[in-house]
Amino acid sequence: MSDLPAEAGRDRESFDLYGTSSVVVVPLSVRRGHVFGLLTFSVLREEREWTTTVVQQFKVVAQIFANAIARKQMEEQLKGRLREIENLKQRLEHENIYLKEEVKLLVDHADIVGQHASMKKVLAQAEQVAETDSSVFLLGETGTGKELLARAIHSMSLRKDRMLVTINCASLAPTLIESELFGREKGAYTGAMTKMIGRFEIADKSTLFLDEIAELPFDLQSKLLRVLEEGNFERLGSTKPLNVNVRIIAATNRDIEQEVKDGKFRQDLFYRLNVFPIKIPPLRERPIDIPLLVRAFVKEFQKKMGKEIESIPKKTMESLQSYSWPGNVRELRNVIEHAMILNKGKILNVQVPEHTYPETDTTDTLENIERRHIM
């Protein structure tokens, strides 16, 4: 006890009360700088010199305790957040105006073309969640316009004065995604010749759109979860924490719940992102929107190509509406652009793609299959 410093007066009183002769106190910690408890080993009968080997063994035991306690705390926090998410979902469900038969939209969404009830429902959901800071998860097949909807949500939010920051998780090599998201210090790794600001820093007080989030490497998912939970992170090659206030909109064309079941996507990250999911319907489920989209694309390409189109044959439009569009709106736009390039007159004839929507698709409904067969 003679080794105790002067500032350990309270500890000395406690040790004297229990008759402690020698003691080793090991911090309980799972990450550097954050101590949440102590593990104490005491000898009452006589003083003892603690060897380095014994102290090291104590540290191993303390780490086992620390990991177990931290894991339990994380489980309790996750359960609490799941309850919070469920309460928020129930509250939003009670308030949703889109559950009515006729949806009245508050904003004129000029960039998003669609009159089908399913699209009106999607836009109403976007309006409802836009003014909050809640995370939004956009679900839908490739080419359905998830990025366009993300921009619409951002433009209606309180963060609209700052730019929307986007990153496509599928377009970058796994080794580059971490530095793109969190930034890096000069010399953080071989080839890092300069300091780089990450997307999270750029998106501070704005919105970050994480497209194709399911492609994010599994080890990076835990780091992303930490940023979403704590609001801070470190650049690669730095130990200085940076605090940010970022609203997340994520998107994927995969069956994300199946990815979670298969162990390819973290369950805790899924729950953190899935506060307000919005499912965008594929184009084949809303054929009444195809003529509107065709006219919008024709108008766009007329300006770019300096051509004038006066009409589109009725048979052409019927063919476009009967096609299943596996590539959705993006494929339709490409087909119209191709037709505009080839067209020489004022009547636009469009060649519908030869391949059809695969019959083996198990996600389609019987009703849609029958509808296409009849058409």
Sequence neighbours left out, what pairs pass salt bridge (Lys or Arg N to Asp or Glu O under 4.0 Å) with at least one residue falling in residues 156-179?
->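 Residue pairs with at least one partner in residues 156-179: Asp133-Arg159, Glu178-Lys223.
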Pairs satisfying salt bridge (Lys or Arg N to Asp or Glu O under 4.0 Å), at least one member in residues 257-270, at least two apart =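 Sorted pair list: Arg254-Glu259, Arg266-Asp268.
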Residue pairs involving residues 150-184 (criterion ring-ring contact (aromatic ring centres under 6.0 Å, His included); sequence neighbours excluded) |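 Of all non-adjacent pairs touching residues 150-184, those that pass ring-ring contact (aromatic ring centres under 6.0 Å, His included) are Phe182-Phe200, Phe182-Phe233.
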Are any non-hydrogen side-chain atoms of [X] and [Y] less than 4.5 angstrom apart?
X      : Y      : value
Glu131 : Met156 : no
Leu149 : Thr144 : no
Gln77  : Glu229 : no
Gln125 : Phe276 : yes

Neighbour count above 12 (heavy atom, 6.0 Å) for Ile347 CD1 =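 Counting other residues, nucleotides and ligands, CD1 of Ile347 stays at 12 neighbours or fewer.
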Whether over 12 other heavy atoms sit under 6.0 Å from Phe218 CZ |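 Yes, CZ of Phe218 has more than 12 neighbouring heavy atoms, counting only those of other groups under 6.0 Å.
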Salt bridge [X]-[Y], side-chain N to carboxylate O under 4.0 Å:
X      : Y      : value
Glu147 : Arg330 : no
Lys304 : Glu337 : no
Glu75  : Lys79  : no
Arg284 : Glu141 : yes

Short question: side chain of [X], backbone of [Y] - any donor-acceptor pair under 3.5 Å?
X      : Y      : answer
Asn328 : Thr142 : yes
Lys146 : Asp211 : no
Asn245 : Lys205 : no
Gln302 : Ile309 : yes

Minimum heavy-atom distance Met305-Ile341, with the two atoms named =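 Distance-wise, the nearest heavy atoms are CE-CG1, 3.6 Å.
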About how many Å separate CG of Leu210 and OG1 of Thr252, when rounded to the nearest 0.5 Å?
->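 Here the interatomic distance stands at 11.5 Å.
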So, Phe41 versus Trp50, ring centres under 6.0 angstrom or not?
->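 Between Trp50 and Phe41, which both carry aromatic rings, the centre distance is not below 6.0 Å.
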If the plane angle is over 60° it's perpendicular, under 30° parallel, otherwise tilted; pick one for Trp325 and Tyr323.
->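 The rings of Trp325 and Tyr323 stand perpendicular, inter-plane angle above 60°.
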